[in-house]
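These notes are about the structure you will find just below.
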Amino acid sequence: MSTATTAPVTGGGPSSKGAAVGRGIGIGLMYGLWKPRVLGSWRVPSAGPVILAVNHAHNLDGPMLMGTAPRPVHFLIKKEAFIGPLDPFLRGIGQLKVDREVTDRTAITDALAVLRGGGVLGIFPEGTRGEGDFASLRAGLAYFAVRSGAPIVPVAVLGSTDRPGRLVKALPALRSRVDVVFGDPFQAGAPGGRRTRKALDEATERIQQRLTAHLENARRFTGR
C-alpha cells in the first residue's frame with residue numbers, strides 16, 4: 001500500500017491532520033477485527049484532489065475504506081450520525097456532516113475545500129445505504145467532480161453483508177474477509193468544463209455507467 005500526505009486544508013475547513021489520525025484508527029480496527037483484501041489501491045493518485053465513489057450496502061463500508069485507502073479520506077456523512085460523543089469524534093478526524101434533506105451549503109463548501117486543498121473526498125453516490133449496486137445516483141457526486149475537476153476513483157466494497165457476526169449481528173463476522181477493489185480514475189465532466197444542468201445530468205449518467213461497470217468487474221474478479 002502506497003503512502004501519501006494530504007495538503008493541509010486551510011480557512012477553517014476539515015482537518016487533514018484529523019483525517020490522517022482517522023486513517024490510523026481505521027487501519028488498526030479494520031485489520032484487527034476483519035481480514036480486508038485490498039486490490040488496486042495503486043490506482044488512487046498519490047497526490048492531488050481525488051474523489052472516491054463507494055457503493056454502500058453496510059454501515060462498515062465507510063470505516064473499511066478509511067482503513068484501507070492509501071490516503072486519508074474525508075467522508076461526507078449524514079448528519080444523523082453526528083450524535084452524542086460521535087459528533088466531536090467524527091469532526092476531529094476530518095469527516096464532513098451533511099444534511100441530505102436540503103442544499104447543505106456548509107457541507108458543499110467543506111467538501112470543495114478538501115478538494116481545493118489536494119485532499120481525498122469520499123462519497124456514497126447512492127446517498128444512503130441500500131443494495132450497494134449504484135442503481136440510483138444522486139447529483140452530488142457529479143457536482144463535486146465537475147466543479148473541482150478532480151478525478152473519480154470507483155471503489156467496490158464487497159463481503160460486508162455476507163455473514164453477520166454471532167455476538168453483534170449488525171457487524172460482519174469477526175475475521176471474515178472483506179474485499180475493497182479500487183478502479184481506474186476518470187474525469188466525469190465533458191471537455192470545456194461546462195456546469196449547466198444538462199452537463200451535470202450527462203456527467204451523472206457517465207458516472208453511473210463507469211461505477212456500475214467497475215462493480216460488475218470487481219464482483220467477477222473476486223467471485224462475490
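Every value quoted in this text rests on a predicted model; they were computed, and no experiment measured them.
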**OP:** Could you tell me which residues satisfy salt bridge (charged side-chain N to carboxylate O under 4.0 Å, His left out) with Arg91, sequence neighbours excluded, listed by chain and number?
**Re:** Asp87

**OP:** Identify whether the distance between the nearest side-chain nitrogen and carboxylate oxygen of Arg224 and Asp162 falls below 4.0 Å.
**Re:** yes

Say you draw a straight line from [atom1] of [X] to [atom2] of [Y]; how long is it, rounded to the nearest 0.5 Å?
X      : Y      : atom1 : atom2 : answer
Thr196 : Glu202 : OG1   : CD    : 7.0 Å
Leu211 : Asn55  : CG    : CG    : 9.0 Å
Lys97  : Lys79  : NZ    : NZ    : 8.0 Å
Leu96  : Phe82  : CG    : CZ    : 7.0 Å
Leu215 : Arg220 : CG    : CZ    : 10.5 Å
Ile152 : Arg206 : CD1   : CZ    : 9.5 Å

Subject >> Phe75: partners by ring-ring contact (aromatic ring centres under 6.0 Å, His included), with sequence neighbours left out >> reply: Phe124

Is there a path of hydrophobic side-chain contacts, each under 4.5 Å between heavy atoms, that joins [X] and [Y]?
X      : Y     : value
Val181 : Val44 : no
Val168 : Trp34 : yes
Val73  : Leu29 : yes
Ile25  : Met30 : yes
Leu33  : Ile93 : yes

Flag, side chain of [X] to backbone of [Y], donor-acceptor distance under 3.5 Å:
X      : Y      : value
Arg177 : Gly159 : no
Glu205 : Ala203 : no
Asp99  : Asp104 : no
Thr212 : Gln208 : yes

Using the side-chain contact (heavy atoms from CB on, under 4.5 Å) rule, pick out the option among [options] that qualifies with [X].
X      : options                      : value
Ser160 : Asn59, Val180, Asp61, Leu171 : Asp61
His58  : Val178, Thr161, Val157       : Thr161
Ile51  : Val114, Leu115, Val120       : Leu115

Original post:
Does NZ or CZ of Arg210 lie under 6.0 Å from the centre of the six-membered ring of Phe186, at an angle within 45° of the ring axis?
Top reply: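 Yes, a cation-pi geometry.
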
Original post:
Which pair of heavy atoms, one from Ala81 and one from Leu90, lies closest together, and at what distance?
Top reply: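 Minimum heavy-atom contact is O-CD1, 3.9 Å.
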
Subject >> Atom CZ of Arg105 with >12 non-hydrogen neighbours under 6.0 angstrom >> reply: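 Open: at most 12 neighbouring heavy atoms sit under 6.0 Å from CZ of Arg105.
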
Original post:
Crowded around Glu80 CD? As in, over 12 foreign heavy atoms under 6.0 Å?
Top reply: yes

Original post:
Got a sec, which pairs hit salt bridge (charged side-chain N to carboxylate O under 4.0 Å, His left out) with one end in residues 25-38, sequence neighbours left out?
Top reply: Arg37-Asp179

